[in-house]
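Okay, so here's the structure we're looking at.
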Amino acid sequence: AEQGELPVLASLLAEGHLTETEAPAGLFTGAVWPTVWTGVHAGLHGYHCWKQIRPGTYELELHQETEQGLGAEPFWDDLGRDGVTTVVIDAPHAPLAADGLGAQILEWGGHDAVTPPMSSPRELIDDVLDRYGEHPSWGNCNQHDRTAEDHADFRDRMCAGAAARAGLTLDLYQRYRPGLLVSVFGEGHCIGHQAWHLHDPDHPDHDPAIT
């Protein structure tokens with residue numbers, strides 16, 4: 001952006017609002033995502049962790065927004081009711097919107113995906129899978145003790161996934177011409193988890209031979 005090669009991101013950095021986020025103690029970091037979508041804290045939207053206490057019990061349960069929902073609506077639901085066409089792609093821990101709000105792809109290439117890929121309208125996901133296939137790293141990309149060859153394969157799959165997501169994003173933009181488009185590139189999240197130690201020589205797991 002500083003070199004002039006990414007003018008759109010440069011304008012966002014210059015004109016946008018930057019705020020730090022923090023996951024309070026006792027909450028999984030993923031709880032930040034529903035806070036972004038809903039504008040309320042976890043005590044109101046109800047997502048604390050991918051596995052959390054079932055209210056009124058001492059039992060643990062997987063929290064699946066597609067079944068349990070959130071205690072607050074994503075902001076794009078309001079926009080949809082106001083007639084704004086919206087396209088949302090792999091927003092983490094977001095409920096599946098009702099038909100008529102544009103289009104939503106859920107868990108096609110989401111990090112920590114807990115359900116099969118789905119969409120609204122319902123038939124859209126079949127079209128996506130026909131055109132782009134399954135995401136190269138569906139579900140949880142976390143893995144330990146990768147060899148150099150494993151890292152190279154992981155890199156290639158992340159690049160392929162990002163390229164497919166870019167194509168899907170542009171495709172849905174052309175198809176729906178939305179007033180709001182949200183597309184989350186989870187590949188960057190996976191790379192941050194899995195490859196930081198390759199580039200940071202001060203990381204305790206850094207291994208020059210693997211790098």
Side-chain angles (χ1 to χ4, degrees), residues 12 16-122 124-125 128 135 137-142 161 165 168-169 172 176 178-193:
L12 287 173
H17 181 70
L18 179 67
T19 184
E20 294 184 1
T21 61
E22 180 182 359
L27 294 179
F28 186 61
T29 51
V32 170
W33 282 109
T35 293
V36 172
W37 311 141
T38 62
V40 301
H41 60 72
L44 293 177
H45 64 60
Y47 182 86
H48 306 152
C49 183
W50 60 276
K51 181 183 283 187
Q52 61 191 53
I53 296 288
R54 183 183 297 118
T57 76
Y58 293 103
E59 303 297 324
L60 289 173
E61 65 180 358
L62 291 176
H63 188 88
Q64 299 186 22
E65 292 74 23
T66 51
E67 298 175 8
Q68 293 140 304
L70 293 172
E73 288 185 324
F75 65 87
W76 50 73
D77 284 1
D78 280 336
L79 294 176
R81 282 190 290 269
D82 288 341
V84 177
T85 300
T86 300
V87 169
V88 180
I89 304 170
D90 278 344
H93 312 308
L96 192 64
D99 290 342
L101 300 182
Q104 182 180 4
I105 304 295
L106 187 64
E107 306 289 41
W108 171 69
H111 180 64
D112 291 341
V114 295
T115 68
M118 59 185 67
S119 67
S120 177
R122 190 173 305 174
L124 178 60
I125 192 61
V128 169
H135 190 277
S137 183
W138 181 86
N140 194 333
C141 68
N142 293 332
R165 188 184 303 282
L168 170 61
T169 301
L172 294 184
Y176 288 91
L180 170 72
L181 187 147
V182 176
S183 185
V184 177
F185 281 70
E187 298 83 9
H189 181 91
C190 290
I191 287 291
H193 265 296

Minimum heavy-atom distance Ser120-Leu96, with the two atoms named
N-CD1, 4.0 Å
For the NE2 atom of His41 and the OG1 atom of Thr38, what is their distance to the nearest 0.5 Å?
9.5 Å
Return the minimal non-hydrogen interatomic distance between Leu172 and Pro178, and the atom names on each side.
O-CD, 4.4 Å
Leu62 versus Trp50: any side-chain heavy-atom pair under 4.5 Å?
yes
May I ask you to decide if the ring planes of His135 and Trp108 are parallel, tilted or perpendicular, using 30° and 60° as cut-offs?
perpendicular
Can you spot which of Phe75, Trp76, Tyr47 makes a ring-ring contact (aromatic ring centres under 6.0 Å, His included) with Trp37?
Trp76
If I compare all heavy atoms of Tyr176 with all of Gly102, which pair ends up nearest, and what's the gap?
CE2-O, 3.9 Å
Atom pair CD1 (Ile105) and CG (Asp90), whose distance is rounded to the nearest 0.5 Å
8.0 Å
Can you spot which of Asp77, Val182, Leu181, Leu180 makes a side-chain contact (heavy atoms from CB on, under 4.5 Å) with Thr86?
Leu180
Look only at the side chain of Gln52 and the backbone of Gly46, and say whether a donor-acceptor pair between them is shorter than 3.5 Å.
yes
For Gly30 and His93, the nearest pair of non-hydrogen atoms, with its separation, is O-CD2, 3.4 Å
How close do Thr169 and Ser183 get, counting heavy atoms only, and between which atoms?
OG1-OG, 2.8 Å
Decide yes or no for His45 and Pro74: does some side-chain heavy atom of the first lie under 4.5 Å from some side-chain heavy atom of the second?
no
State the CD-OG1 distance between Glu107 and Thr115, to the nearest 0.5 angstrom.
4.5 Å
Salt-bridged, Arg54 to Glu59, with N to O below 4.0 Å?
no
At their closest point, which heavy atom of Pro95 faces which heavy atom of Leu70, and how far apart are they?
CD-CD1, 3.7 Å
